[in-house]
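Residue numbers begin at 1 in each chain, while the letters A, B, ... track the order of the sequences. Excluded from the calculations below are hydrogen atoms, water molecules and symmetry mates; all remaining heavy atoms, backbone and side chain alike, are included. Here the structure is a predicted model, which is why all the values come from computation and not from measurement.
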Amino acid sequence: MNDSQLDSVYKHKEVEDKWYNFWIDKNYFHAKADLNKKPFTIVIPPPNITGILHMGHALNNTIQDILIRYKRMSGYIALWMPGTDHAGIATQNVVEKKLKEEGLTRFQLGREKFLERVWEWKDKYGSTIISQLKRLGASCDWQRLHFTMDEVHSNAVSEAFIRLYKKGLIYKGDYIINWCPRCETALSDEESQHKDLKGLLYYIKYPIKDSGEFITVATTRPETMLGDVAVSINPNDERYKNLADKTIILPILKRELKVIFDDFVDPKFGTGIVKVTPAHDLNDFEMGNRHNLKPILVMHPDGTMNHYAGKFEGLDRFKCREEILKDLENTGLLEKTVEHNYSVGHCYRCNTVIEPRLSKQWFVRIKPLAKKAAEAVRKGKIKFYPKRWTNVYLNWIDNIRDWCISRQIWWGHRLPVYYCRECLKRAGELTVDSSQLTEKTKSMNYELSTMNEKGIIVSKTKPEKCPDCGSTDLVQDDDVLDTWFSSWLWPFSTFDWPNLERDFTFFYPTTALVTAQEIIFFWVARMVMASLEFIGEVPFKDVYIHGTVRDSTGAKMSKSLGNIIDPMEVIDEFGADALRFSIISITAQGQDVFLSREKFGVGRNFANKLWNASRFILMNLDREVYVCYNGKFPLENSSLADRWILSNLNCAIRDIDNSLKAYNFNNAANILYEFIWHKFCDWYIEFVKPNITDIKVQFRLVYLIDNMLRLLHPFMPFITEELWQKFPHKGDSVMIASWPKADKSLIDKALDEKFGIIMNIVSAARNIRSEMDIAPSKNINILCVCPREEKRKLIEEFSAQIKFVAGADEVKLFKRLKKPKKSSYACAGDLQIYVPLEGLIDFAQEEKRLKGQCEKLSKEKDNLSRLLKNKEFLSKAPKEVVALQKVKSKEIAEKLAKLEDALNSLK
RNA sequence: GGGCGAUUGGCUCAGUUGGUUAGAGCGUCACAUUCACAUUGUGAAGAUCAGAGGUUCGAAUCCUCUAUCGCCCACCA
């Protein structure tokens with residue numbers, strides 16, 4: 001007996017920090033380029049600094065850690081590049097909220113002071129998520145921790161911007177963009193999330209000038225009528241041909257509107273006449289361009305109406321809508337209101353209804369980049385797992401529109417763009433109508449017009465003077481770049497691009513990207529574009545898209561719904577290993593995960609089972625094993641059980657490898673669960689228990705545990721390290737131990753069949769025991785009838801074990817035997833088992849039990865005989881299948897006959 | 001409007017290239033605590049694989065249609 005006594009329950013709290021610190025101290029997470037080895041690289045999807053770890057992160061990072069640990073053990077130089085994202089709008093919102101509590105706005109503070117506050121906030125809270133990742137066990141190379149606002153990244157961002165600008169792929173232009181009136185910034189199309197709303201369609205009468213007649217237009221946003229400059233009709237619409245030279249009077253404002261004819265208008269929708277508001281609707285804007293109409297912007301950036309709105313000036317857009325409707329109703333111009341379902345964009349950060357707004361913004365001309373990115377995927381240079389995302393990606397990228405990259409916020413990478421006021425003045429471009437600007441927009445200076453290239457200087461640092469006119473009156477553009485403009489460089493900016501060195505050459509392109517479906521467009525596609533553009537290579541080879549984490553009702557987990565399960569609480573209660581294992585084992589490839597608290601019991605119980613199996617072995621381990629363990633499984637004098645478990649171990653290794661290679665993580669986890677619990681613990685340990693003092697048995701157990709711990713380590717890093725260290729082992733840590741290799745020569749399916757005979761006997765005996773209500777304290781005798789010599793020998797060999805696990809006094813073997821009186825019967829495979837019950841037998845119960853079995857068998861027999869009479873089956877099915885069915889049929893018939901005999905002899 | 005996913009025992013999900021006995025886990029029921037583990041063990045009950053049609057000797061699996069749920073995309077005034 002060994003003196004190292006373990007608790008009977010695995011206590012994760014005493015283990016996790018200890019080993020994490022140990023790994024850190026040993027510097028195991030650091031990946032150093034080594035040309036003699038192969039690289040395996042993953043860049044982390046950088047979590048927002050505003051974020052705290054949620055279950056989506058837990059899933060995402062567990063998957064990455066599994067891959068990284070697996071590959072690291074397999075001999076790769078495995079680099080997991082960590083970092084965080086500055087998350088422009090999100091972070092700015094958080095800090096602004098805090099300011100509000102102090103009664104401050106960012107404008108009162110000014111840009112510089114405000115940014116100081118954001119950095120303060122970042123220093124204080126920005127690393128929360130990093131420490132949470134550590135608790136999860138993430139083996140990131142923390143020496144390389146990056147942040148998207150670090151200098152390296154700012155430099156990369158400027159570099160990218162300038163290169164694209166010089167290639168003519170970045171431009172500034174007037175366009176209808178998605179405007180969030182709460183964040184007061186432009187958003188990309190991807191940042192505007194469409195939601196279906198039940199709304200109303202308002203039919204409004206517009207008077208025809210000097211006629212006393214009206215036309216009717218339909219709109220969902222009446223407030224935008226204040227910006228109408230025309231009404232539009234399909235040129236083929238016979239109904240309205242007479243309106244061609246008429247003038248329409250805009251109600252309320254009494255402005256005169258032209259009538260234009262445009263194919264865009266669908267005669268079947270509404271009245272077939274559309275109001276045209278080029279400053280607040282994309283289609284209207286395009287129509288306006290086609291017909292040379294001058295747009296009228298009627299709102300301030302904060303969504304209140306400006307002076308073009310006349311008496312509605314100062315009202316919020318929705319309040320304005322109400323007032324206009326009242327007004328129209330009072331003047332009899334509101335013809336009708338009908339219910340109408342439509343979809344409206346919402347800000348992905350604050351959920352405010354997006355206002356389409358004419359605005360001067362910076363755009364990336366994306367089609368040339370997208371073309372290459374589509375090609376790379378079509379040619380198979382990048383593969384999606386599961387495959388179906390390929391089409392989603394391609395569909396998006398084939399229909400891509402230019403990317404609006406400027407944001408009117410302060411937290412982010414400021415555009416590397418400077419304006420020469422002198423040049424702009426001379427070009428007449430500096431035309432800010434200050435009466436239109438609120439305090440906010442004034443400070444942002446955002447309407448500074450720069451359509452003329454002259455006067456625009458794109459540069460990483462502020463130039464001393466204008467290269468054209470020599471003026472020193474230069475100002476930097478106030479806007480910052482979309483957060484994703486730094487994210488899309490992430491796979492190579494983390495390698496200090498454009499100053500690429502050894503590490504880059506070694507580790508790039510990265511191997512796999514693990515992410516959620518939500519950001520395929522935001523991030524995945526754009527990284528592909530950026531890498532192809534700036535590096536000339538794909539950024540990664542595999543993209544694994546995992547599902548969304550939902551609660552048990554299927555709702556997406558979110559703070560606002562209050563259905564969050566906090567991973568930190570789960571780690572406290574169940575342990576990090578339990579969290580990791582549970583979430584992985586229930587996540588089929590690419591399927592959404594439905595979580596509830598109870599599900600973490602699976603992992604915890606599994607950890608405890610492993611703990612106790614190890615405890616049992618450790619309790620019985622001789623010192624000699626510690627001294628002499630050489631990592632081998634002693635095959636001399638090995639039994640069927642030994643060869644069986646060894647075959648199954650190698651089978652498991654092979655299948656786990658295949659599963660991991662195919663990104664089937666749940667499969668791999670379940671193979672381990674099945675092997676460790678139901679093969680190793682349930683059968684193997686039970687079978688070696690009688691011989692536990694045998695040193696060879698101990699070596700074998702240690703070998704098996706050693707292998708299991710290695711295989712399980714990527715999934716459950718903490719408990720495997722804790723146990724591995726307690727067992728005889730070579731090396732300093734399981735996390736750098738070598739990954740087991742499957743020895744296919746040891747895999748033998750015949751062993752399963754042979755060992756299955758033993759298992760069947762035990763199961764049959766247990767079944768009888770249970771169904772016949774035989775108390776566990778009462779021992780039984782098992783009479784085994786088996787005509788075949790070799791099988792009898794086999795059973796003989798294991799009689800001690802069978803006795804042990806089935807609670808039998810004796811296992812007697814017979815070549816032939818007339819059914820003994822007063823005994824219960826069972827068939828186990830092709831052999832028969834009797835358990836004499838000496839007066840204890842309840843005939844009625846036994847009859848019922850046997851009849852039940854008979855029924856099952858005869859159904860099966862009927863099915864098979866029908867099949868075997870089917871001529872077409874016999875002629876068309878492969879010979880092997882037919883032969884197999886014949887054998888089966890014969891076996892079943894025999895079994896059934898014997899069962900019926902047993903049943904009859906009861907009477 | 002277009003696309004995708006799901007539908008399998010009470011619940012949550014597996015199910016590789018079609019092969020005839022559809023698997024787990026949780027839950028349920030019964031029994032068990034001298035046993036490494038009650039976070040346990042043993043046994044049992046429980047599913048005509050959403051529906052219809054088709055291909056095939058043979059379909060949970062392949063095809064078509066339908067239904068329900070969910071997601072994504074889209075410039076439906």
- Query: Pick from A:F718, A:F574, A:F606: which one makes a ring-ring contact (aromatic ring centres under 6.0 Å, His included) with A:F581?
  - Reply: A:F606

- Message: Under 4.0 Å, heavy atoms only, any strand: does A:F269 hit a base, just the sugar-phosphate, or nothing?
- Response: base

- Query: Do you know which two heavy atoms are closest between A:A806 and A:I782, and how far apart they sit?
  - Reply: CB-CD1, 4.2 Å

- Message: For the P atoms, the ones on B:U61 and on B:G15, what distance do you get once it is rounded to whole angstrom?
- Response: 15 Å

- Message: For the P atoms, the ones on B:A60 and on B:U8, what distance do you get once it is rounded to whole angstrom?
- Response: 15 Å

- Message: Base, sugar-phosphate or nothing for A:Y10? Non-hydrogen atoms, less than 4.0 Å.
- Response: nothing

- Query: How about A:Y673 and A:W677: are their ring centroids closer than 6.0 Å?
  - Reply: yes

- Tell me the partner of B:C13, counting only Watson-Crick (N1-N3 plus N6-O4 or O6-N4) or G-U wobble (N1-O2 and O6-N3) with both under 3.5 Å; none if nothing fits. B:G23

- Query: Between atom CD of A:E894 and atom SG of A:C827, what is the distance when rounded to the nearest 0.5 Å?
  - Reply: 11.0 Å

- Task: For nucleotides B:U64 and B:U55, find the distance between their P atoms and express it as a whole number of Å.
- Result: 15 Å

- Message: Does A:K689 reach a base, just sugar-phosphate, or nothing at all? Heavy atoms under 4.0 Å.
- Response: base

- Query: With rounding to whole Å, what would you report as the distance between B:G9 and B:U66 at their C1' atoms?
  - Reply: 25 Å

- Message: Rounding to an integer number of angstrom, what distance separates B:C13 and B:G70 when you compare their P atoms?
- Response: 14 Å

- Tell which nucleotide pairs with B:C62, taking only Watson-Crick or G-U wobble pairs whose two distances are both under 3.5 angstrom. B:G54

- pair_partner(B:A44), Watson-Crick or wobble, both distances < 3.5 Å, evaluates to B:U28

- Message: Give me the distance, rounded to whole Å, that separates B:U34 from B:A30 when you measure between the C1' atoms they each carry.
- Response: 23 Å

- Message: Is there, by distance only and without an angle test, a donor paired with an acceptor across the side chain of A:E674 and the base of B:A14 below 3.5 Å?
- Response: no

- Query: Expressed as a whole number of Å, how far does the C1' atom of B:U39 sit from that of B:U33?
  - Reply: 15 Å

- Task: Name the nucleic acid region contacted by A:H678, choosing base, sugar-phosphate or nothing; use a 4.0 angstrom heavy-atom cut-off, strictly under.
- Result: sugar-phosphate

- What is the nucleic acid contact for A:V217, judged by heavy atoms within less than 4.0 Å: base, sugar-phosphate only, or nothing? nothing

- Message: Taking B:A38 as the reference, what is the distance to B:C26 when you measure between their P atoms (whole Å, please)?
- Response: 16 Å

- Task: Return the orientation label for the A:H340 and A:F269 ring planes: parallel under 30°, perpendicular over 60°, tilted otherwise.
- Result: perpendicular

